[in-house]
Amino acid sequence: MERYRFIVFEGIDGSGKTVQSKKLSESIGGYYTYEPTDGEIGKLIRRVLKGEVNYSGETLALLFAADRREHVDVIGRELRCRHVVSDRYLYSSIVYQSIQGVELDFILEINRFAMKPDVLVYLDVEVEEALRRLGKNRKEIFENREMLKLIRKRYWDVIESRIWEPRYGYILIDTTGKSIEEVHREVLRALKERGITGKE
Ligand code: TYD
């Protein structure tokens with residue numbers, strides 16, 4: 001019996017996570033999902049991100065954890081019959097909420113229920129290219145140059161320090177100057193090489 005995999009995509013805003021996670025999901029017949037979710041907690045989170053509601057960093061971290069708690073049930077259910085590809089997961093909380101001054105121990109503690117993914121695909125991109133890709137659609141609190149630089153650096157810190165390392169490790173892909181198709185092929189190749197999604 002095939003064992004289905006839980007694959008997570010992470011990267012700064014504008015790294016191409018959404019396009020790539022959807023494409024991968026289609027290619028492997030998986031279930032595409034994302035955080036924050038479209039549930040009621042996810043909707044509240046999006047209002048905070050747009051600056052419509054003002055909460056402390058801790059409260060926002062708790063909201064992301066609560067949203068994820070509901071999400072893991074969906075992920076668990078889907079994994080019984082297909083691969084699951086998630087556009088963001090706990091790594092986003094580790095990176096973004098710690099930048100907002102929330103302690104790492106607190107973030108890990110409130111997310112204790114979360115199962116580790118099988119693999120993390122980190123899509124790297126230079127900040128200037130990410131800003132170009134985001135274009136005029138920049139409306140959230142984390143989407144400015146200085147913030148993106150900080151977030152990108154923090155993702156590297158997380159990867160280097162191997163915090164919450166998945167079973168099959170991290171797949172790092174530099175997307176700078178590459179087309180959507182090129183990056184997609186690299187993702188597929190890397191997953192196959194590790195035996196995560198079938199044979200070459
Ligand atoms: P994003 O992927 O940009 O969603 P969309 O493209 O639909 O707006 O995610 C929204 C923001 O939420 C993004 O800036 C990162 C942030 N975020 C956190 O701060 N913590 C988390 O745990 C998650 C999942 C996301």
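Both ligands and their constituent atoms are indexed starting at 1 by order of listing. Just so it is clear, the model here is predicted, and its values are computed rather than measured.
Of the possible polar contacts, none joining the Gln97 side chain to the Gly57 backbone as a donor-acceptor pair under 3.5 Å is found.
Polar contact check, Tyr89 against ligand 1: no nitrogen or oxygen pair lies under 3.5 Å apart. Here's the thing with Glu35: none of its N/O atoms is less than 3.5 angstrom from an N/O atom of ligand 1. At least one N or O atom of Arg68 sits closer than 3.5 Å to an N or O atom of ligand 1.
Heavy-atom neighbours of Lys116 NZ from other residues, nucleotides or ligands within 6.0 Å: above the threshold of 12. Within a 6.0 Å radius of CD in Glu103, no more than 12 heavy atoms belonging to other residues, nucleotides or ligands are found.
No part of Ile45 comes within 4.0 Å of ligand 1, judged by heavy-atom distances.
Counting the atoms of ligand 1 from 1 in the order shown, those under 4.0 Å from a heavy atom of Leu49 are 10 (C), 11 (C), 12 (O). Interface atoms of ligand 1 facing Asp13, defined by a heavy-atom separation under 4.0 Å, are 3 (O), 13 (C), 14 (O). Listed by number with element, the atoms of ligand 1 under 4.0 angstrom from any heavy atom of Gln97 are 18 (C), 19 (O), 20 (N), 21 (C), 22 (O).
Under the 4.0 Å criterion applied to side-chain N and carboxylate O atoms, Lys43 and Glu40 are assigned as salt-bridge partners.
At least one heavy atom of Arg46 lies less than 4.0 angstrom from ligand 1.
A side-chain donor-acceptor contact under 3.5 Å links Arg133 and Thr175.
Side-chain contact between Gln100 and Ser56 is absent, with no heavy atoms from C-beta onward closer than 4.5 Å.
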